[in-house]
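Since the structure comes first, as C-alpha cells, the remarks are kept for the end.
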Amino acid sequence: MQWTIISTLGSGALFGKIVEKLYEYCLDRHKSRVRALTENAVYVTKTHFDTEFNAMKDVFKCLSDTKLSINAVRPKVDFGAGDTDEVKRKRLAELWAELVASHNKLLIALDCLSAFYPAELYDAAKKCQKAAWLEITQVEHPSFPAFTRDWQLEGHRNIDAYVESYQEARNIIRKRLSHLAVLPLT
C-alpha cells in the first residue's frame with residue numbers, strides 16, 4: 001500500500017512537470033509568432049493606410065490599363081488576318097492611340113502619387129512605363145516593316161519586359177499591404 005502512494009505521488013509530480021513544460025513550450029511558440037507578426041508590421045493611422053492604399057490602387061489600375069493596351073498593339077496572334085494593309089494600319093493607329101492615352105495616365109499617376117507609396121513600387125512602375133514608351137516609339141518609328149515577323153518579335157520583347165515589371169509591382173503592393181497594420185482607435 002505504501003509503494004502505491006509513493007509511486008502515485010511520484011508519477012503525479014512527473015505528470016505535473018510534463019504539463020508545465022508543455023505549457024511553456026506552447027507559450028513560447030505563441031510569443032514567437034506574435035513577435036514575428038509585430039516585428040514585420042508597420043503601424044500606421046487609418047488615414048495614412050487609406051491614403052497609401054488608394055495611391056497604390058490608382059497606380060496599379062493605370063499599370064493594368066497600360067498592360068491591356070500594350071498587349072493589344074502587337075498581339076501574339078496574327079494581326080487582323082485576312083484584312084487589307086490599309087485596314088490593319090488604321091486599326092494599329094487606333095490601338096496605338098489607346099496605348100499613348102493609357103501611358104500618359106500612368107505617367108500622371110506616377111508623378112502625382114509618388115509621395116504616397118513606397119519607392120520600390122515607383123521603381124517597378126517606372127520600368128513598366130519605360131517598356132510602354134519603348135513600344136510607343138517603336139510603333140511610331142518602326143525599325144522593321146509593319147506586320148512582319150521581326151516587327152512582331154520586337155513587340156513581344158516589349159510586352160515581356162512590361163509584364164515582368166508589372167508582376168514585380170504587383171508583388172511589391174501585396175507585400176506592402178501584408179505588412180501594414182492600422183493602429184487601434186485612429
Side-chain angles (χ1 to χ4, degrees), residues 12-76 95 97-138 155-186:
L14 181 62
F15 180 72
K17 287 189 181 234
I18 291 173
V19 169
E20 184 180 326
K21 291 294 182 186
L22 184 61
Y23 176 74
E24 286 176 15
Y25 172 76
C26 290
L27 187 61
D28 287 343
R29 284 196 55 184
H30 179 71
K31 284 180 182 178
S32 65
R33 283 187 199 144
V34 169
R35 193 176 313 112
L37 288 173
T38 56
E39 286 174 356
N40 291 332
V42 177
Y43 291 98
V44 295
T45 63
K46 176 84 168 110
T47 305
H48 180 110
F49 177 84
D50 289 343
T51 302
E52 188 170 344
F53 176 81
N54 287 328
M56 289 189 291
K57 183 179 77 167
D58 292 346
V59 167
F60 194 73
K61 181 184 181 324
C62 291
L63 286 170
S64 297
D65 290 345
T66 305
K67 180 180 177 225
L68 293 172
S69 295
I70 199 171
N71 280 317
V73 171
R74 293 195 254 195
K76 296 194 178 195
L95 294 170
E98 289 175 16
L99 176 58
V100 170
S102 66
H103 173 266
N104 290 342
K105 288 179 186 176
L106 175 61
L107 271 177
I108 292 168
L110 283 176
D111 289 339
C112 292
L113 301 172
S114 64
F116 303 106
Y117 57 82
E120 303 87 38
L121 177 58
Y122 180 82
D123 295 340
K126 199 67 175 168
K127 289 179 198 173
C128 287
Q129 180 268 320
K130 288 178 182 177
W133 178 248
L134 186 60
E135 178 70 359
I136 289 168
T137 56
Q138 287 177 350
H156 297 313
R157 284 191 292 273
N158 295 335
I159 290 169
D160 291 342
Y162 189 92
V163 168
E164 183 179 327
S165 299
Y166 175 85
Q167 290 171 343
E168 180 184 346
R170 182 187 60 210
N171 292 338
I172 289 169
I173 290 172
R174 286 180 176 163
K175 184 177 179 183
R176 178 66 178 170
L177 289 175
S178 72
H179 291 309
L180 285 180
V182 178
L183 289 169
L185 303 172
T186 58

Looking at residues at least two apart in the chain, or sitting in another chain, which of them share a side chain to side chain donor-acceptor pair (under 3.5 Å) with [X]?
X	answer
Lys127	Glu168
His48	Glu52
Asp65	Lys61
Asn171	none

Pairs under 3.5 angstrom only: tabulate donor-acceptor contacts from the side chains of residues 115-122 to other protein residues two or more places apart or in another chain.
| unit_1 | atom_1 | unit_2 | atom_2 | d |
| --- | --- | --- | --- | --- |
| Tyr117 | OH | Leu110 | O | 3.3 |

Heavy-atom pair of closest approach, residues [X] and [Y]:
X	Y	value
Leu63	Cys128	CD2-CB, 3.6 Å
Ala124	Ser165	O-CB, 3.7 Å
Ala55	Leu113	O-CD1, 3.9 Å
Ala125	Val59	CB-CG1, 4.3 Å

Got a second to check how far [X]'s [atom1] is from [Y]'s [atom2], nearest 0.5 Å?
X	Y	atom1	atom2	answer
Leu95	Arg74	CG	CZ	12.0 Å
Arg157	Glu135	CZ	CD	10.5 Å
Lys46	Thr51	NZ	OG1	10.0 Å
Gln138	Ile136	CD	CD1	11.0 Å
Trp133	Asn158	CH2	CG	13.0 Å

| task | Go through the steps for Val42 and Arg176 under the test side-chain contact (heavy atoms from CB on, under 4.5 Å), then give the verdict. | result | CA-CA 9 Å; Val42 177; Arg176 178 66 178 170; 4.0 Å; yes
| request: Under the ring pair (Phe, Tyr, Trp, His ring centres under 6.0 Å) rule, collect the residues that match up with Tyr166, sequence neighbours excluded. | output: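 Tyr166 satisfies ring pair (Phe, Tyr, Trp, His ring centres under 6.0 Å) with Phe60 once adjacent residues are dropped.
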Please output the side-chain donor-acceptor pairs of residues 97-109 that fall under 3.5 Å, not counting sequence neighbours, one pair per line with the distance.
| unit_1 | atom_1 | unit_2 | atom_2 | d |
| --- | --- | --- | --- | --- |
| Ser102 | OG | Ser69 | OG | 3.3 |
| Ser102 | OG | Glu98 | O | 3.3 |
| Ser102 | OG | Leu99 | O | 3.1 |
| His103 | NE2 | Gln129 | NE2 | 3.0 |
| Asn104 | ND2 | Val100 | O | 3.3 |

| query | Tell me, do Lys21 and Ile18 make a side-chain contact under 4.5 Å, heavy atoms counted? | reply |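 Heavy-atom side-chain distance check fails, nothing below 4.5 Å.
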| message | I'd like to know whether Leu134 forms a side-chain contact (heavy atoms from CB on, under 4.5 Å) with Tyr162, so could you lay out the CA-CA distance, the side-chain angles of the two residues, the decisive distance to 0.1 Å, and finally the verdict. | response | CA-CA 10 Å; Leu134 186 60; Tyr162 189 92; over 6 Å; no
| With Glu20, which residues qualify under side-chain contact (heavy atoms from CB on, under 4.5 Å), at least two apart? | Glu24
| message | Leu68: which residues meet the side-chain contact (heavy atoms from CB on, under 4.5 Å) condition with it, sequence neighbours left out? | response |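 Testing Leu68 for side-chain contact (heavy atoms from CB on, under 4.5 Å), a comparison that skips the adjacent residues, returns none.
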| field | Residues in salt bridge (Lys or Arg N to Asp or Glu O under 4.0 Å) contact with Asp123, at least two apart in sequence or another chain | value |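 Counting only residues at least two positions away or on another chain, Asp123 forms no salt bridge (Lys or Arg N to Asp or Glu O under 4.0 Å).
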